> 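This is the structure I have questions about; it appears just below.
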Amino acid sequence: MSRNPTNEQITAAYQLARERYAMLDVDADQAVEKLAQVAISLHCWQGDDVGGFEAPDAALGGGIATTGNYPGKARNADELRSDLNLAYRLIPGTHRLNLHAIYAETGGRKVERNALLPEHFSAWAGWAKENHHGLDFNPTCFSHPLAESGFTLSSYDASIRQFWVEHCIASRKIGEYFGKELGTPCVTNIWIPDGFKDTPIDRKTPRELLAQSLDKVLAEPISKKHNLDSVEAKLFGLGSESYVTGSHEFYMGYALSRKVLLTLDSGHFHPTETIADKLSSVLMYVDELLLHVSRGVRWDSDHVVTLSDELEAIMQEIVRGDFVPRVHIGLDYFDASINRIAAWVIGTRNALRALLLAFLEPLAAMRALEVAGNYSARLALLEELKGLPFGAVWDYFCLQQNVPVGGRFMDEITTYEERVLAHR
Ligand code: RNT
Ligand code: ZN
């Protein structure tokens, strides 16, 4: 069993690290302060394998999949909130929650998705207010009989399209309610699974239908102070391998022409394509972005986010480009093969660690080398930075934010698993 550093050791290590960074003209205190300001949106759906509360053991549709059967998943909103409370206690900083429409609380009554109202989310809003979490939202256009054909907003069936248009309108109003209640805009993200398994004849018409449907969804203006609309593209899904109506090019054009946000999910592109490189291009033209930070392993597998080169590159781009105020960072993965609370905590802590690494870069010096064309020194510096005492700064941040330092957060999760999860 490993031993834990004392508070004195953590502080002493930080002081040395701070001096080491100062030698590169990097202000570690400032980096920590900046990190404390960033709110990451945790995805509620990691807590119950994208199940929601409409029906117990509802099948997951839409070409996304959770694998694993780790015991103790949340079965209702109270359990999910209890699990989330633990996760937030183990993550430094104050963070947001990203909800899906299927997490409505309807008091045991069946409420169709196109009839959902803010009141079905009042308990979530109350909890969020009490705990200082901003809320984000998503219409759930999958796991539903009217999504079984594989098409929703781009269906050839006008009544199916209309149902999903109404659901998305209802979702925007719930987003507006969250924004008003909590005093921070809700990002309402539309993702639809629409697509063909095999080669289609007509790639054009479903896209025209999708644009028409989205225009209906967005017809009523809602103040950006309360709700921000975003659209999420995808390359392919299970069962939509040959064609996805809402492709990247489709939504890029849609977001630009309709002045809405664009969502970039790091698992939604070709495996050799990373979203890090897209940020500075897209942000030339789109005001704000939503990120779904995920980790694809060979495909859009939604693994828990680790401190990978790709994650570091995403956060570097956000910080180097001065994009922090314009990029909403959300997480999107679902792993049911490990403790679900650990999955939230590990992934979110990693997103924050990658951000801290980016805040600790000697940006001016790096840029000067690049502008001078000194690429040898640029490479040397980038590689040297990897050996700097970033871990000491991270530990200090955790101490300052009153959350467990190092792997100690697993102790609380293990205790909770024994006391709570094991009895579900
Ligand atoms: C699916 C999209 C979408 C979903 C969530 C549950 O590929 O990434 O964001 O993961 O809406
Ligand atoms: Zn996503």
Side-chain angles (χ1 to χ4, degrees), residues 40-54 58-67 73-74 80 96-104 113 135-144 147 150 152-153 164 167-168 171 174-175 186-195 229-241 243-248 250-251 255 261-271 273-275 278 289-305 310-311 314 327-336 340 343-344 347 351:
I40 308 259
S41 199
L42 272 73
H43 49 316
C44 77
W45 53 92
Q46 164 59 50
D48 76 334
D49 316 339
V50 212
F53 312 135
E54 282 181 347
L60 178 57
I64 53 179
T66 325
T67 46
K73 81 170 168 193
L80 191 54
R96 305 175 64 88
L97 179 71
N98 197 0
L99 278 171
H100 240 285
I102 46 174
Y103 294 82
R113 291 191 199 169
L135 286 176
D136 298 306
F137 199 63
N138 304 261
T140 311
C141 303
F142 53 84
S143 305
H144 189 278
T152 62
L153 291 177
W164 294 110
H167 174 51
C168 291
S171 297
I174 292 160
C186 168
V187 183
T188 299
N189 172 56
I190 300 180
W191 173 74
I192 58 164
D194 301 26
D229 299 295
S230 197
V231 287
E232 180 179 6
K234 190 166 179 172
L235 179 64
F236 80 97
L238 300 172
S240 59
E241 289 85 355
Y243 170 84
V244 166
T245 315
S247 62
H248 178 57
F250 175 88
Y251 279 126
L261 279 67
L262 184 70
T263 303
L264 296 176
D265 183 312
S266 51
H268 286 194
F269 293 86
H270 187 279
E273 206 177 351
T274 72
I275 64 165
K278 301 182 189 298
L289 286 178
L290 169 64
L291 299 188
H292 272 187
V293 182
S294 188
R295 178 167 58 105
V297 177
R298 303 188 189 280
W299 66 290
D300 176 36
S301 56
D302 291 295
H303 279 64
V304 178
V305 167
E310 190 179 347
L311 182 69
I314 292 169
V327 178
H328 304 261
I329 306 173
L331 303 174
D332 185 10
Y333 52 78
F334 17 100
D335 188 339
R340 294 171 183 81
W344 269 319

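Read the numbers this way: they start at 1 and go in the same order the structure lists the ligands and their atoms. For clarity, every value in this text was computed on a predicted model and none was experimentally measured.
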> So, taking the atom named CG in Leu235 and the one named NE2 in His270, what distance separates them when rounded to the nearest 0.5 Å?
8.0 Å
> Going from CG on Leu60 to CD1 on Ile102, what distance comes out if it is rounded to the nearest 0.5 angstrom?
8.0 Å
> Can you sort out which atoms of ligand 1 are near Phe334, meaning under 4.0 Å from one of its heavy atoms?
10 (O)
> Below 4.0 Å from any atom of ligand 1, is there a heavy atom belonging to Asp300?
yes
> Below 30° counts as parallel, above 60° as perpendicular, anything between as tilted: where do the rings of His248 and Phe269 land?
perpendicular
> Which protein N, O or S atoms does the Zn ion (ligand 2) have within a distance shorter than 2.8 Å?
Glu232 OE2, Asp265 OD2, His292 ND1, Asp332 OD2
> Which ligand 1 atoms, with their elements, are less than 4.0 angstrom from a heavy-atom of Lys234?
1 (C), 7 (O)
> Check whether any side-chain heavy atom of Leu261 sits under 4.5 Å from a side-chain heavy atom of Leu289, and report yes or no.
no
> Does the gap between the ring centers of His100 and Phe142 come in under 6.0 Å?
yes
> Return the orientation label for the His144 and Trp164 ring planes: parallel under 30°, perpendicular over 60°, tilted otherwise.
perpendicular
> Between the side chains of Asp49 and Arg340, is the shortest nitrogen-to-carboxylate-oxygen separation below 4.0 Å, so that they form an ion pair?
yes
> Nearest heavy atom to atom 9 (O) of ligand 1 wins, so pick from Gln46, Glu232, His268.
Glu232
> Could you check whether any heavy atom of Ile64 sits closer than 4.0 Å to an atom of ligand 1, since that is the contact criterion I want to use?
yes
> Supply the atom-to-atom distance Ile192 CD1 to Ser240 OG, rounded to the nearest 0.5 angstrom.
10.5 Å
> Assess Lys234 against Tyr251: is NZ or CZ under 6.0 Å from the centre of the six-membered ring, and within 45 degrees of the ring's axis?
no
> Which ligand 1 atoms, with their elements, are less than 4.0 angstrom from a heavy-atom of His292?
9 (O)
> Could you check atom 6 (C) of ligand 1 against the protein and tell me its nearest heavy-atom contact, residue, atom and distance included?
His100 NE2, 3.4 Å
> Counting both backbone and side chain atoms, is some N or O of Asn189 under 3.5 Å from an N or O of ligand 1?
no
> For ligand 1 and Asp332, I'd like to know whether there is a polar contact (N/O to N/O, distance under 3.5 Å).
yes
> Is it the case that the ring center of His43 lies less than 6.0 angstrom away from the ring center of Tyr333?
yes
